Q: 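Just dropping this structure here.
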Amino acid sequence: MKTSRWMVSGAALLASLLVAACGGGGDSDGYGAIAVSNSTGRVAIASEALTQSIANDEARDECDAGDCTVVLQFEECGAISSARTSGGALVYGVAAGGTAFDAQTAANNSCTAKGGVGCATIPNLPAVCN
């Protein structure tokens, strides 16, 4: 099982976080989840878990804060994107897709739709696939 973590700092961390849950196709090799903490800015992605519950627990554990919340569940690929709005607020976009590229593109688009300027992959936290 793979888990990644990245810390984001910002006052308006999850002002307009997209919360989504998505089931993938039947060719999945496991389950994944993305968790974020509103208070600390931590973000974690877990993948290749045996069950969705395990993936959720791993993402929350790796996020490592009391308020970590699963914001995306996925069976194929999942991604998170972040940027600041023109007013300085930090926004995220999350998405699932059939490929890492599709998931990241959709996450970037979700972030942009929330007003993010220059939404992109969070450094050291690329899209992952099961």
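These numbers come from the heavy atoms of this one structure, side chains and all, not from hydrogens, waters or symmetry mates. All values reported here derive from a predicted model rather than from experimental measurement.
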Q: State whether the side chain of Ser82 and the backbone N or O of Val91 hold a donor-acceptor pair below 3.5 Å, judged by distance alone.
A: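 It does not hold such a pair.
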Q: So, taking the atom named CD in Glu76 and the one named OG in Ser47, what distance separates them when rounded to the nearest 0.5 Å?
A: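 If we round to the nearest 0.5 Å, Glu76:CD and Ser47:OG are 13.5 Å apart.
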Q: Just by distance, do the side chain of Asn130 and the backbone of Glu75 share a donor-acceptor pair under 3.5 Å?
A: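 Yes, Asn130 side chain to Glu75 backbone: donor-acceptor pair under 3.5 Å.
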Q: Check for a donor-acceptor pair, side chain of Gln104 on one end and backbone N or O of Pro126 on the other, with a separation under 3.5 Å.
A: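 A pair under 3.5 Å: no.
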Q: For the backbone of Ile45 and the side chain of Glu62, can you confirm whether one donor and one acceptor N or O come within less than 3.5 Å of each other?
A: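 No, Glu62 side chain to Ile45 backbone: no donor-acceptor pair under 3.5 Å.
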Q: Where is the tightest heavy-atom contact between Cys111 and Ala83, given as atom of each residue plus distance?
A: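 That closest heavy-atom pairing would be SG-N, 3.8 Å.
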Q: Can you find a pair of side-chain heavy atoms, one from Tyr31 and one from Asn56, that are under 4.5 Å apart?
A: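 Heavy-atom side-chain distance check fails, nothing below 4.5 Å.
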Q: Tell me the closest heavy-atom pair linking Ala103 and Ala96, and the distance in Å.
A: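 Reported closest heavy-atom pair: CB-C, 4.0 Å.
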Q: Using modelled atom types and a 3.5 Å cut-off, is there a donor and acceptor pairing between side-chain atoms of Asp67 and backbone atoms of Ser37?
A: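 No, Asp67 side chain to Ser37 backbone: no donor-acceptor pair under 3.5 Å.
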Q: Measure across Ala100 and Cys77 and return the closest heavy-atom pair with its distance rounded to 0.1 Å.
A: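 In terms of heavy atoms, the two residues are closest at N-SG, 3.5 Å.
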Q: On a heavy-atom basis, which atom in Ser110 and which in Gly93 lie closest, and how many Å separate them?
A: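 Minimum heavy-atom contact is OG-CA, 3.5 Å.
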Q: Quick one: side chain to side chain donor-acceptor pair (under 3.5 Å) partners of Thr105, sequence neighbours excluded?
A: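 Per chain and number, Thr105 pairs via side chain to side chain donor-acceptor pair (under 3.5 Å) with no residue.
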Q: Taking atom types as modelled and ignoring hydrogens, do the side chains of Thr99 and Asp102 form a donor-acceptor contact shorter than 3.5 angstrom?
A: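 A pair is found: one side chain offers a donor N or O, the other an acceptor, under 3.5 Å apart.
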Q: Atom OG1 of Thr121 and atom CG of Asn108: how far apart are they, to the nearest 0.5 Å?
A: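 Taking OG1 in Thr121 and CG in Asn108, the distance rounds to 5.5 Å.
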Q: Which residues satisfy the side chain to side chain donor-acceptor pair (under 3.5 Å) test with Thr85, sequence neighbours excluded?
A: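 Result, side chain to side chain donor-acceptor pair (under 3.5 Å) vs Thr85: none returned.
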Q: Quick check: do Leu72 and Ile80 have side-chain heavy atoms less than 4.5 Å from each other?
A: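 When only atoms from C-beta onward are counted, Ile80 and Leu72 do not touch, as no gap falls below 4.5 Å.
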Q: On a heavy-atom basis, which atom in Gln52 and which in Gly32 lie closest, and how many Å separate them?
A: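 Closest heavy-atom pair between Gln52 and Gly32: NE2-O, 2.9 Å.
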Q: Would you call Ile34 and Phe74 a side-chain contact if the rule is heavy atoms closer than 4.5 Å?
A: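 The answer is yes; the side chains approach within 4.5 Å.
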Q: With a 4.5 Å limit on heavy-atom distance, are the side chains of Val94 and Val36 in contact?
A: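 Sidechains of Val36 and Val94: no contact.
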Q: If you compare all heavy atoms of Ala95 against all heavy atoms of Ala106, which two are closest, and at what distance to 0.1 Å?
A: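 That would be CB-CB, 3.4 Å.
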